[in-house]
Amino acid sequence: MKLLFDENISWRIIKKISEKLPECKHISDIEKDLISDEKIWHFAKKHNYIIVSFDEDFADIQMINGFPPKIIWLRCGNTKTDLIAEKIINLKDEIINFYIDNEQGVFEIY
């Protein structure tokens, strides 16, 4: 299971979760310049990533295009990176189940 963190989440999250979820990347690891949601979408689809974002645009794109890629939509507001990392680590089993589920495309974290 690979997670791709959107630009609206600090790149520091990778270090905080890498021990538990080693195949995660931040979009800045892939593309140094700001890139569009569509480019992120296509990259995630091509490389089998789940997109993690605060941005509802990815859920909107998925309504049009379907999945993959799947989306983890952070709906917990402007939250510190430590808290986001903690939530993701604590929900690791649920995220794995979401990853293998063929019927769900969006996993919301509050």
Side-chain angles (χ1 to χ4, degrees):
M1 176 183 68
K2 302 186 310 186
L3 303 180
L4 179 62
F5 289 87
D6 190 16
E7 65 198 1
N8 56 21
I9 301 165
S10 171
W11 56 269
R12 292 177 178 89
I13 196 161
I14 301 303
K15 185 175 181 182
K16 296 177 185 299
I17 67 170
S18 63
E19 186 176 310
K20 302 283 184 187
L21 296 160
E23 291 194 68
C24 297
K25 291 201 179 287
H26 191 271
I27 194 63
S28 64
D29 296 330
I30 295 158
E31 181 68 45
K32 297 302 177 197
D33 296 322
L34 186 68
I35 61 174
S36 70
D37 289 348
E38 281 107 25
K39 287 183 180 178
I40 294 169
W41 177 271
H42 289 292
F43 179 89
K45 183 174 184 170
K46 180 178 180 181
H47 298 284
N48 200 30
Y49 278 95
I50 297 173
I51 298 170
V52 183
S53 181
F54 285 111
D55 192 349
E56 70 183 271
D57 291 348
F58 289 110
D60 293 342
I61 293 169
Q62 191 180 77
M63 287 177 64
I64 296 166
N65 296 330
F67 61 89
K70 292 187 173 202
I71 310 298
I72 295 176
W73 185 4
L74 299 173
R75 303 203 54 191
C76 45
N78 233 355
T79 307
K80 293 187 180 226
T81 303
D82 287 338
L83 184 57
I84 296 167
E86 181 181 323
K87 285 177 181 271
I88 289 172
I89 290 168
N90 289 340
L91 292 169
K92 181 182 176 185
D93 291 339
E94 289 90 340
I95 293 170
I96 290 170
N97 289 334
F98 164 68
Y99 178 72
I100 61 176
D101 183 335
N102 291 327
E103 296 188 22
Q104 278 189 315
V106 177
F107 184 85
E108 297 179 38
I109 296 178
Y110 291 91

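Values below: all heavy atoms of this structure, side chains included; hydrogens, waters and symmetry mates excluded.
Distance check, rounded to the nearest 0.5 Å: OG1 of T79 to NZ of K87 gives 6.5 Å. Between the CG atom in N48 and the NZ atom in K2 there is a gap of 6.0 Å [rounded to 0.5 Å]. The distance from atom CD1 of I40 to atom CG of L4, rounded to the nearest 0.5 Å, is 7.0 Å. Rounding to the nearest 0.5 angstrom, the gap separating the CZ atom in R75 from the CD1 atom in I109 is 12.0 Å. The line from CD1 of I27 to CD of E7 is 8.0 Å long, rounded to the nearest 0.5 Å. In this structure, the separation between CZ on F98 and CD1 on I50 is 5.5 Å, given to the nearest 0.5 Å.
Of the possible donor and acceptor atoms, none in the side chain of D101 sits under 3.5 Å from a partner among the backbone N and O of N97. The closest donor-acceptor contact from the side chain of H47 to the backbone of Y49 lies at 3.5 Å or more, if one exists at all.
There is no path of hydrophobic side-chain contacts, each under 4.5 Å, that joins L91 to V106. A single hydrophobic cluster is seen to contain both F43 and W73, as judged by linkage of ILVMFWY side chains at heavy-atom distances under 4.5 Å, directly or through other members. Neither F58 nor M63 shares a network with the other; the hydrophobic side chains, linked directly or stepwise wherever heavy atoms of I, L, V, M, F, W or Y lie under 4.5 Å apart, form separate groups for each. Hydrophobic clustering (side-chain heavy atoms under 4.5 Å, transitive across Ile, Leu, Val, Met, Phe, Trp, Tyr) keeps F107 apart from L83. By the criterion of side-chain heavy atoms lying less than 4.5 angstrom apart, applied directly or through intervening Ile, Leu, Val, Met, Phe, Trp or Tyr residues, Y110 is not grouped with I89; the two fall into different hydrophobic clusters.
Screening residues 52-74 for salt bridge (charged side-chain N to carboxylate O under 4.0 Å, His left out), with sequence neighbours left out, gives no hits.
No more than 12 heavy-atom neighbours from other residues, nucleotides or ligands sit within 6.0 angstrom of NZ on K25.
Screening I51, L74, I13 for a side chain to side chain contact (heavy atoms under 4.5 Å, CB included) with F5, the sole residue that qualifies is I13.
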Worksheet entry | Intermediate values then yes/no, side-chain contact (heavy atoms from CB on, under 4.5 Å), C24 and I17 | CA-CA 8 Å; C24 297; I17 67 170; 3.8 Å; yes
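Side-chain contact between W41 and Q62: present, with at least one pair of heavy atoms (C-beta onward) separated by less than 4.5 Å. Side-chain contact between I88 and I72: absent, with no pair of heavy atoms (C-beta onward) separated by less than 4.5 Å. I84 is listed as a side-chain neighbour of F54, based on a closest heavy-atom distance under 4.5 Å. W11 has its side chain out of reach of T81: every pair of non-hydrogen atoms, C-beta onward, lies at least 4.5 Å apart. Side-chain contact between S53 and I71 is absent, with no heavy-atom pair separated by less than 4.5 Å.
Smallest separation of non-hydrogen atoms from S28 and H26: OG-ND1, 2.8 Å.
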